[in-house]
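Everything on this sheet refers to the single structure shown next.
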There are 2 protein chains.
Amino acid sequence: MSAAKSRRSGAASIDLVLCAVRGGRLHVLVTTTSAQALPFARCGAEDDPEAVARELARHASGQPAAWMAQGTVMAAKRHPGDAPLSVPFVGVVGPAVEAPRGMAWHPVQALPSLAPRQKAMAESALTTLRLHMDAAPVAFRLLPSVFTLSELQQVYELLLGRRLHKASFRRALQAAYLVAPTDDWRSEGRGRPAQLFRYAPRRRHAGHRSVRFDLLGR
Amino acid sequence: MSAAKSRRSGAASIDLVLCAVRGGRLHVLVTTTSAQALPFARCGAEDDPEAVARELARHASGQPAAWMAQGTVMAAKRHPGDAPLSVPFVGVVGPAVEAPRGMAWHPVQALPSLAPRQKAMAESALTTLRLHMDAAPVAFRLLPSVFTLSELQQVYELLLGRRLHKASFRRALQAAYLVAPTDDWRSEGRGRPAQLFRYAPRRRHAGHRSVRFDLLGR
DNA sequence: CCAATAAGTAACATCACGCAACTAATGTCA
DNA sequence: TGACATTAGTTGCGTGATGTTACTTATTGG
């Protein structure tokens, strides 16, 4: 009911790296029954890989992934299902999703002992998220439907791996017409309450920005 | 000697979408022996997918791909090798690479009749290139080792699908320290000769630019 | 010699960004 | 109750990047 669904050798496996932000760190859902592993399933000839991955996510976390993308196919190293080829899917859910029985969230920086191929897939999840976060609302899918701008900034800082400036972040966000304020505020203990926002992208007049040379270094 | 190497069913195929810019348009290398198809090979349990793809590229075009990335795994529709799963690799070579016997360059916008799964893989190649061009020197690998800035701009315009401004393009390029001028100039018939440049990225002081909200539209 | 063509540059206005300082609203503690 | 800490949110300014226009330079072809 947890990880392996079928271990027939000779077929590719679909592996799920389900991610969530908990306590300011990126976590991955790992099965804890017997050996620890990422959820995976055999992909039959009739199966659609993404459909299998979405079913895995629904089954493993109790709800569908809020966003999902394919990672880099791996063939090297050992896989718990002895699959010759593994197709990883990186999924994303909000921070309030609790791990069901037999599952647990683990920080990516402190993973339990996984089969080496699955360990490699989990460690490359952040790279996959970074690859897509400019073109897909990955950060918003890692948040609840309503969130504060500080929470959004923290997710972006986590994904980018560096600190951002508050004022600049908010100005850029406002210029992009991506969020809409709600009427609610949240008091998080000490400090001024924060206004809650919702992801509500509006049509913008074709932001034709220049080329990105700044990420090319080799 | 061209497309299929082994058609044993039950194993994944590695498919090659080799791209080049010819005459201002993106072209894909297609085999012309018997049925037209993308080069592909069966991927055995011991094979490294990327190594297989690189060998395919070397074999199909006569030289190694200048850059390569994995595309989206596909299982739907018909594949010429009847592979249940296909792992596409998008490769890139310079514009001077001629198609060997049994192969031909075709514009992606006017592909010949391919098996539907391969057709889908070829048509998603541009998306894969766009996904990586900010972090990898894809545009430079589509050019010869020396090139004019106008040629470079044309490649970027092709990849981005929109026109760029000459002055802005060159300023941004200079600020990124990505190219170095050579002592040669090229006279292309009419007009002033263009100086030739080389891709020579130099270490830059961490261009920590802001977040890209401008590509998120939904 | 002049028009056409393409490469390359300069000048200027505008915009985005980094930075710092500020205000606002809440809880804590003496 | 009043000072302080803490977090949210805003404002202003200097600097640098970008968009736009116009200009200069070098070559081919009448």
Side-chain angles (χ1 to χ4, degrees), chain A residues 23-24 134 143-144 146-158 160-198 204-217, chain B residues 23-24 134 143-144 146-157 160-198 204-216:
Chain A
D134 283 340
L143 289 170
V146 289
F147 48 84
T148 71
L149 297 190
S150 294
E151 289 171 339
L152 179 62
Q153 181 174 342
Q154 283 163 19
V155 171
Y156 265 100
E157 289 176 345
L158 191 154
L160 292 170
R162 60 187 170 85
R163 302 299 308 275
L164 298 172
H165 292 278
K166 184 170 59 167
S168 302
F169 181 80
R170 294 179 181 217
R171 266 181 312 218
L173 188 63
Q174 188 149 33
Y177 296 100
L178 284 180
V179 298
T182 71
D183 292 333
D184 295 328
W185 297 69
R186 174 188 301 164
S187 193
E188 201 65 59
R190 52 206 166 284
R192 173 176 172 174
Q195 190 169 15
L196 293 174
F197 289 79
R198 188 182 306 278
R204 312 181 301 289
H205 19 284
H208 51 94
R209 295 273 300 273
S210 180
V211 199
R212 286 218 108 169
F213 290 122
D214 54 311
L215 295 177
L216 290 181
Chain B
D134 282 341
L143 289 170
V146 288
F147 49 83
T148 71
L149 297 190
S150 294
E151 289 170 338
L152 179 62
Q153 181 174 342
Q154 283 164 20
V155 171
Y156 266 99
E157 288 176 344
L160 292 170
R162 60 188 169 87
R163 303 299 307 275
L164 298 173
H165 292 279
K166 185 170 55 167
S168 302
F169 181 80
R170 295 181 181 215
R171 263 184 315 218
L173 188 62
Q174 188 149 31
Y177 296 100
L178 283 181
V179 298
T182 71
D183 292 335
D184 295 328
W185 296 70
R186 176 189 300 165
S187 192
E188 202 65 59
R190 52 206 164 286
R192 173 176 172 174
Q195 189 169 15
L196 293 174
F197 289 78
R198 188 183 305 279
R204 312 180 300 287
H205 20 282
H208 51 95
R209 295 274 301 273
S210 179
V211 200
R212 285 220 110 171
F213 290 122
D214 54 310
L215 294 177
L216 290 181

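Sequence lines set the chain letters: A, B, ... in the order given, protein chains first and strands last, and positions in each chain run from 1. For the numbers below, each heavy atom of this structure counts, side chains included, while hydrogens, waters and symmetry mates do not.
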Between [X] ([atom1]) and [N] ([atom2]), how many Å, whole number?
{"X": "Arg186(A)", "N": "dT26(C)", "atom1": "CZ", "atom2": "P", "value": "15 Å"}
{"X": "Phe147(B)", "N": "dA7(C)", "atom1": "CZ", "atom2": "C1'", "value": "16 Å"}
{"X": "Lys166(B)", "N": "dA10(C)", "atom1": "NZ", "atom2": "C1'", "value": "12 Å"}
{"X": "Arg212(A)", "N": "dA17(D)", "atom1": "CZ", "atom2": "C1'", "value": "13 Å"}
{"X": "Phe213(A)", "N": "dA17(D)", "atom1": "CZ", "atom2": "C1'", "value": "13 Å"}
{"X": "Arg163(B)", "N": "dG19(D)", "atom1": "CZ", "atom2": "C1'", "value": "15 Å"}
{"X": "Leu173(A)", "N": "dG9(D)", "atom1": "CG", "atom2": "C1'", "value": "13 Å"}
{"X": "Leu164(A)", "N": "dC19(C)", "atom1": "CG", "atom2": "P", "value": "11 Å"}

Check whether more than 12 heavy atoms from other residues, nucleotides or ligands sit under 6.0 Å from atom CZ of Arg190(A), and answer yes or no.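 Open: at most 12 neighbouring heavy atoms sit under 6.0 Å from CZ of Arg190(A).
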May I ask you to check whether Phe213(B) and Phe169(A) place their ring centers less than 6.0 Å from one another?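 They qualify: ring centres under 6.0 Å apart.
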Could you check if a side-chain atom of Val179(B) sits within less than 4.5 angstrom of a side-chain atom of Gln174(B), using non-hydrogen atoms only?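 Heavy-atom side-chain distance check fails, nothing below 4.5 Å.
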Has the side chain of Arg171(B) got a donor or acceptor atom sitting under 3.5 Å from an opposite partner on the base of dG16(D)?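 It does not, because no donor-acceptor pair links the side chain of Arg171(B) to the base of dG16(D) below 3.5 Å.
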Close N or O pairs between protein and nucleotides 27-30 of chain C (under 3.5 Å):
none

Any His165(B) side-chain N or O less than 4.0 Å from OP1/OP2 of dT20(D):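 Checking His165(B) against dT20(D): at least one side-chain N or O falls below 4.0 Å of OP1 or OP2.
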Sugar-phosphate only, base, or nothing, as touched by [X] at under 4.0 Å among non-hydrogen atoms:
{"X": "Thr148(A)", "value": "nothing"}
{"X": "Ser168(B)", "value": "base"}
{"X": "Gln195(A)", "value": "sugar-phosphate"}

Could you pull out all residues at least two apart from [X] that satisfy side chain to side chain contact (heavy atoms under 4.5 Å, CB included)?
{"X": "Arg192(A)", "value": "none"}
{"X": "Leu143(A)", "value": "Phe147(A), Glu151(A), Leu152(A), Val155(A)"}
{"X": "Pro193(B)", "value": "Trp185(B), Ser187(B)"}

Once salt bridge (Lys or Arg N to Asp or Glu O under 4.0 Å) is applied, what residue pairs with a partner in residues 167-183 of chain A remain, sequence neighbours excluded?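 Output for this query is empty, none listed.
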Measure from the side-chain heavy atoms of Arg192(A) and tell me the nearest of dT7(D), dT10(D), dG8(C).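 My answer, after comparing the listed nucleotides, is dT7(D).
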Quick check for you: among dT27(D), dA7(C), dG9(D), whose closest atom lies nearest to any side-chain atom of Ala194(A)?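 So the nucleotide nearest the side chain must be dG9(D).
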For Phe197(B), check ring pair (Phe, Tyr, Trp, His ring centres under 6.0 Å) against everything at least two apart and list the hits.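 Phe197(B) satisfies ring pair (Phe, Tyr, Trp, His ring centres under 6.0 Å) with no residue once adjacent residues are dropped.
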Over its full length, what angle do the end axes of the helix from dC1(C)-dG30(D) to dA30(C)-dT1(D) make, each axis taken from five pairs and the result rounded to 10 degrees?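 Result, rounded to 10 degrees: 10°.
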Output all residues satisfying salt bridge (charged side-chain N to carboxylate O under 4.0 Å, His left out) with Glu188(A), sequence neighbours left out; order by chain, then residue number.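 Glu188(A) satisfies salt bridge (charged side-chain N to carboxylate O under 4.0 Å, His left out) with no residue once adjacent residues are dropped.
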Taking for each residue the nucleotide of DNA chain C with the nearest heavy atom, is it Leu196(B) or Phe169(A) whose nucleotide lies nearer the 5' end?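 With Leu196(B) and Phe169(A) compared, the 5'-side residue is Leu196(B).
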Starting from the 5' end of DNA chain C, give me the residue, Ala167(B) or Gln154(B), whose nearest nucleotide shows up first.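 Whichever sits nearer the 5' end wins; that is Gln154(B).
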Among residues at least two apart in sequence or on other chains, which ones pass side chain to side chain donor-acceptor pair (under 3.5 Å) with Gln153(B)?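 Partners of Gln153(B) by the side chain to side chain donor-acceptor pair (under 3.5 Å) criterion, ordered by chain and then number, come out as Glu157(B).
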